Each structure stands twice: as C-alpha cells, then as structure tokens.
2 protein chains.
Amino acid sequence: MPASKRKVSSEAPSAPSAPGKIPHTALYQEVAERLRQRIFAHQLAPGDWIDEQALAADFGISRTPLREALKVLASEGLVTLKPRRGCYVTEISERDLDDIFPLMAMLEGRSAWEAASRLQDEDLARLEEIHARLEAHAASGQVDGFFELNQDFHRLIQEISGNRWLLQLAQDLRKVLKLTRMHSLTVDGRLEQSMAEHQAVMAALRARDATAAEHAMRDHLLAGRRAIARISTQRNPPG
Amino acid sequence: MPASKRKVSSEAPSAPSAPGKIPHTALYQEVAERLRQRIFAHQLAPGDWIDEQALAADFGISRTPLREALKVLASEGLVTLKPRRGCYVTEISERDLDDIFPLMAMLEGRSAWEAASRLQDEDLARLEEIHARLEAHAASGQVDGFFELNQDFHRLIQEISGNRWLLQLAQDLRKVLKLTRMHSLTVDGRLEQSMAEHQAVMAALRARDATAAEHAMRDHLLAGRRAIARISTQRNPPG
DNA sequence: GTCGATAATTATGGATACAGTATTATCAAG
DNA sequence: CTTGATAATACTGTATCCATAATTATCGAC
C-alpha cells in the first residue's frame, strides 16, 4: 500500500508560511505533534500499545518518520520504548504525581521569581489579558477553555523568565502531567480556588515582588496536587 | 559500500550479558551512547557538523539507526537538528551557563534534601566510599578521575532521593554542561575547595539534616559556576 | 577581478525491502 | 481440561534505494 501522496499535512503545515519562507518543518516533527494530540486526547491512552504499521498507514506515511517521532516522544516521557517489544503510551502512577508536582512547583516557582525580576510593562499587559480571559471562563464554568488558557498563562510566565532551559524542563513535565487527564479543575470549586491563587500570583507580579511571586506560584501548584488527590480518593476510596 | 557485518559492537555490548538474559539493546541506543562519548571527548566539538554518511560508515551501520540516535541526542540538547541542513553539535554560551547552573543548584539541592530525608545506612555507606575515593584523587591531584567520581557522587545522591523525574532532569542538564568541557576543577585550588563543599554536604547527610544538605549542595553548585566564570575571564579578559 | 546566474554535486528526508525475533495459534500428551 | 512443545504469523529493527532540496563549482557579464 504505497503512499503516493502525503496525507499528513492535509490540514495545516504547523509552521507559519511566510511567502518567501517555506516552512520545511520535518515530517517527523509534524507526526510527533499529531501523536501528542492523540495521546493528550486519550485517543491513545496510557498503557496502549502503539501499532506502527497501522499508524503509519493512518497518517499516510512510511514507518521511518513515525519511528523517529516516537524516539522524540520517548525522551519527552510520553511513550516508553521496549526493545523488540514495541512502543507503549506511558502510564503515570500516584507515586509519579507525588514526585512530579513538587518538581513543577519548584520550577514554576523559580519561573515566577525570574519573571517578576525581569517583568516589562508589555509583559504584564499580556498577562493581564490572559488573566482577564481566565476570569471570564471561570465565571461561566468553561473548564476546557480554562484549561487551555491556564496553560498559556503558565507558559507565558516561563517565557518572560527568559530562561529557555527552565522553560524546556517545565514544558516537558507538563506534557507528562497531561497524560493523566485528571484535571484538578473538575473538582468542585477548584476553578474558583485556582483563580484566587492566580490572583495572588498576579498581585505579586504587579508589585514586582519576586519572592512573593515564587511562593504564590509554588502554593498554586501544590494546591493543584491536593485537588487531584481528592479526585483519586473519591474514585478509589481508601480501604 | 554495504556493511555486511556490524562493527559497532566490536568492543563491548554495553549491557551486561547474563547468560539467560540477552541484552537486546537496540542499535540506535548503542550508537547514541558512542556519539555522547565522542561529543564529551570533544572528538565532535560544539558547532561541528555531523556527517551522517561518514559516521554511519565509521560505525559500520546504515544511516537509519544513526538518524534515530541523533533524534535522541537532539532532545537531550547535545545536538541541534536544522531541517534540511543537517545536524550540529550544540554550542553553549555564557548566558546558557548562567541559566543552567542556578537550575542545577535548585534540582541538586532538592535531591540532597530528599536524599537526606530517606537516607538508609547502606546508602550512606556507599556515599562515604565514593567520598573517600574522591579525597584520595584530590590529594594526588588526579583531575580526570576526580571528575568522573564527582559525577558518580552527585548521581548517587539523586538516586537516593528516589525521584526518577528529578534524576532525569538533572542528568539531562549535566550532559549539556559536559559540552563545555570547562571543568571548573582545572582552576587553581578548586579541587580542594570542591572537597570542602562536599564535606559540608556529607556532614549534613550524616546528620540527616535535609535543609542543611539542600543548602550545602546548592552552594556547591553555585561555587562551581563562579569557578568556571574565573576561567572565562582569564581566557577572555574583560575589555 | 568581482559579482551574479546557472549547472553539477552532494546530503537530507522519506519509502521500501528484508532478516530476525517475539507472539500467537495449533496440536499432542498427560 | 490443562499443560507443554512446535509451527505459523506478525512486528520490530536495519539496510538500501530514491526524490528533492541545499551547497558548491563553473561560467559569463560587468
């Protein structure tokens, strides 16, 4: 079944295509992004085996770029490669959550600290805009939209921090967390509580108070962990 | 020029081969490891273009597993893939060092904190052993041996911390730092100073004082950054 | 002699082909 | 009916091949 035409870029070539600048993003990168989407959507759920041939056929490509994409996802922690046994979507345990959230709290806390130190008026304006939209989503209870915007908010702070390595680490861990799909936001009242915590972060940023921003962000993340823990005990009541 | 026989595993198949347990480590992994060694040895220096065909021929393999290995190294940050333009060994700037070292200080500080909290007598014994050998190397001024053992020391603490995500992040950053080869240990007296800092870490661990261990480790890393800064200003005196 | 356009070369990215191993299915024995 | 051995199947890992884009070399114009 030869794939005479690429189907993969049928929708959008991911990179902005300025007239003179052909995107030229490698196929394996596009494939990696599409795989991430499927994984986050739990179309490929944790523990699932990844059928290379079927997926390649589905994407209308050969196995070569697909396998390259899987190598990338493996080092992001989204999939696990078992030699000679194939590729599986990574499963995250409660233990992993306990390990990852404090790390995220530390990294994002540091981001907030650095961001507060370097914050330009223009940066603050962009944050305020996202923050306002978050308020709106929270008020109308749009969890999905809130979730996406929330990610933008955190990412922007990491970008403002200006430390590309810090950004990279935090983004990688965030991807892993998205595997669980246990969005703490589904907990009753968590949306409002989350906004209150964001308020604290924003207040510290407006005041250019780095230490306060760091602590507010740290508390925000750790509160998120507790909210998820509440979901778990709800679903699996302790014996 | 077909490669009829694998030359790649001529020396050692990296994984220990227990009789019943065939290693079955994939070729791309072996290749990735050999590439890391060449990069750390500056046989492939920062900025160098990586000639896929030449390397594949050198290893006696095809380009396919080599390219998969390069994808892995790229996500570790050791090489940079430029679409349609090939693969280059990553170059690290002073700015990157300023970004990475505080991160490492934070991560390794946290490792030390967790390690101190969970430390078993057996763990401590293993640390003491490495520590003692470090002392010996320092006394006889064996910089290379010290460097390797030092890595073992740090890695062991991260392993004792029991947080595999923390271990992963720290190891990735350490690999990137090894790109520079500016081992702070070559600075006059740094070997002794480094040992003094290790002493502080060990003392805190022996006392199971998590906070002290965290601070000692953090200070140790930041002192390392300052030592490297001294090398830089030595080589490139400020105008 | 320098600059620019065009042709030749070379390297990258992707597809296909193939060998070897793991898994599953089949079947016989207890 | 369960258990173990053997055969068939399917998939992973690697090599080879090919198309296309990038680089270099050649040649001509100014």
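The shown structure was predicted, so the numbers you read here are calculated from the model rather than taken from an experiment.
- Computed from coordinates, the L27(B) CG to dC18(C) P distance equals 20 Å when rounded to whole Å.
- The nearest whole Å value for the distance from the CG atom in L55(B) to the C1' atom in dT12(C) is 15 Å.
- Between H198(B) and F153(B), the ring-plane angle classifies as parallel under the 30° and 60° cut-offs.
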Can you pull every protein N or O that's under 3.5 Å from an N or O on nucleotides 8-12 of chain D?
residue : atom : partner : partner atom : Å
dC11(D) : OP2  : Q53(A)  : NE2          : 3.0
dT12(D) : OP1  : W49(A)  : NE1          : 3.4
dT12(D) : O2   : R84(A)  : NH1          : 2.9

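- The pair E30(B)-R34(B) does not meet the salt-bridge criterion, since no charged nitrogen lies less than 4.0 angstrom from a carboxylate oxygen.
- In this structure, L70(B) places its CG atom 14 Å from C1' of dA11(C), rounding to the nearest Å.
- The only member of E159(B), R110(B), Q171(B), Q158(B) that meets side chain to side chain contact (heavy atoms under 4.5 Å, CB included) when paired with L166(B) is R110(B).
- Classified by interplanar angle (parallel below 30°, tilted 30° to 60°, perpendicular above 60°), the ring pair H183(B)/F147(B) is parallel.
- In terms of phosphate contacts, S62(A) brings a side-chain nitrogen or oxygen within less than 4.0 Å of OP1 or OP2 of dA15(C).
- To the nearest angstrom, P of dT14(D) lies 9 Å from OH of Y28(B).
- Distance CD (Q29(B)) to C1' (dT14(D)): 15 Å, rounded to an integer number of Å.
- Here the side chains of D48(A) and I39(A) are not in contact, with every heavy-atom distance at 4.5 Å or above.
- Residue K71(A) contributes atom NZ, which lies 9 Å from atom C1' of dG13(D) at whole-angstrom precision.
- In this structure, E68(B) places its CD atom 13 Å from P of dG14(C), rounding to the nearest Å.
- Rounded to whole angstrom, the span from the CG atom of L81(A) across to the C1' atom of dA22(C) amounts to 16 Å.
- Judged purely by distance below 3.5 Å, without hydrogens or angles, the side chains of E94(A) and S232(A) pair a donor atom with an acceptor atom.
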